[in-house]
Amino acid sequence: MDYEVAGTLIDEGRLARRVAELGKAISVDYNGRELIVIGILRGAVIFMADLVRAIDDNVDVSMDFISVSSYGDSTKSSGVVRINKDLDNSIKDKDVLIVEDIVDTGLTLSYLRRVLMEREPKSLAICSLLDKKERRIADISVDYVGFDIPDLFVVGYGLDYAERWRNLRSVHSVEPTVEA
Ligand code: IMP
C-alpha cells in the first residue's frame, strides 16, 4: 500500500512554541550543570537541533548521537533493537538527556534506557516530541513530552515514512493513497 501526506496535525507555530517551553523547562532543571543530549538517529535530528538552541547557556550542553533499528517492518516496532551506531563518548557519571521523535509502544526506548543505564550515567532523562500513549506496551516514563497524539502514523519535522517527508515543517498524518 502507498501512502500520502494528509492533514496538518501540529503546525510550525505550535511546534516552535512547545519546543521553546521544553527548552525553558530543561534549562531550569539542569541549571549550572553539564548535560549530554543524545539524539536518536534519524527521526530526532530536527527536533534536537531546535531543542538545544532553546536551552539557555546556563546549561553546558554537548551532543552525541545513537542509531538504533528495530527488527520488523517500518511501521511497527518489534521490541528487538540493534545499535547501528553507538555513542562517541562515555556517559559515565554524566547527566544525560535522550531525545526521541516519538514514543509509540515504548519498546525502543525501554531497551535503550536499559543499555545506557548499564554505562552508569549520573542521571538519565527522556524527552520526546510526540507521545502515542494509547499504543504503549513497555512501561517507560517520559520526562519531557512535546505533544500527546492519537494513534495515527505521522510524518514531518524529522519523522518519516520509509525515509520520506522528514523535511516537512509541520507534523502531518498520512493516509493510504486512493487508486484512481
Ligand atoms: P516504539 O519502539 O514502538 O516506541 O517506536 C518508536 C519508533 O518508531 C520511533 O522512534 C519512530 O522511529 C517509529 N515510529 C513510531 N510511530 C511513528 C510515526 O507515527 N511516524 C514515524 N515514525 C514512527
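Counting starts at 1 for both ligands and their atoms, in listed order.
Judged by distance alone, the side chains of N84 and R82 do bring a donor and an acceptor atom under 3.5 Å apart. For Y30 and D60, the side-chain atoms include no donor-acceptor pair closer than 3.5 Å. Residues D29 and Y144 bring a donor and an acceptor atom of their side chains to less than 3.5 Å of each other.
E12 is linked by a side-chain hydrogen bond (donor to acceptor under 3.5 Å, both in side chains) to R169, counting only residues two or more places apart in sequence or in another chain. For K92, the side-chain hydrogen bond (donor to acceptor under 3.5 Å, both in side chains) partners at least two apart in sequence or on another chain are E120.
Nearest heavy-atom pair, D64 versus K85, reported as atom, atom and distance to 0.1 Å: OD1-NZ, 4.2 Å.
For ligand 1, the polar-atom distance check against V154 finds a nitrogen or oxygen pair separated by under 3.5 Å. Residue L159 places no N or O, backbone or side chain, under 3.5 Å from any N or O of ligand 1.
The side chain of E100, and not its backbone, has at least one atom closer than 4.0 Å to an atom of ligand 1 (non-hydrogen atoms only; side chain from C-beta on).
The ligand atoms of ligand 1 that sit less than 4.0 angstrom from a heavy atom of T108 are 1 (P), 2 (O), 5 (O), 6 (C). Below 4.0 Å from some heavy atom of K132 lie the following atoms of ligand 1, by number and element: 16 (N), 17 (C), 18 (C), 19 (O). Less than 4.0 angstrom separates some heavy atom of D160 from each of these atoms of ligand 1: 21 (C).
Across the listed options D131, L152, T105, T105 owns the non-hydrogen atom lying nearest to atom 3 (O) of ligand 1.
No heavy atom of G43 sits closer than 4.0 Å to any atom of ligand 1.
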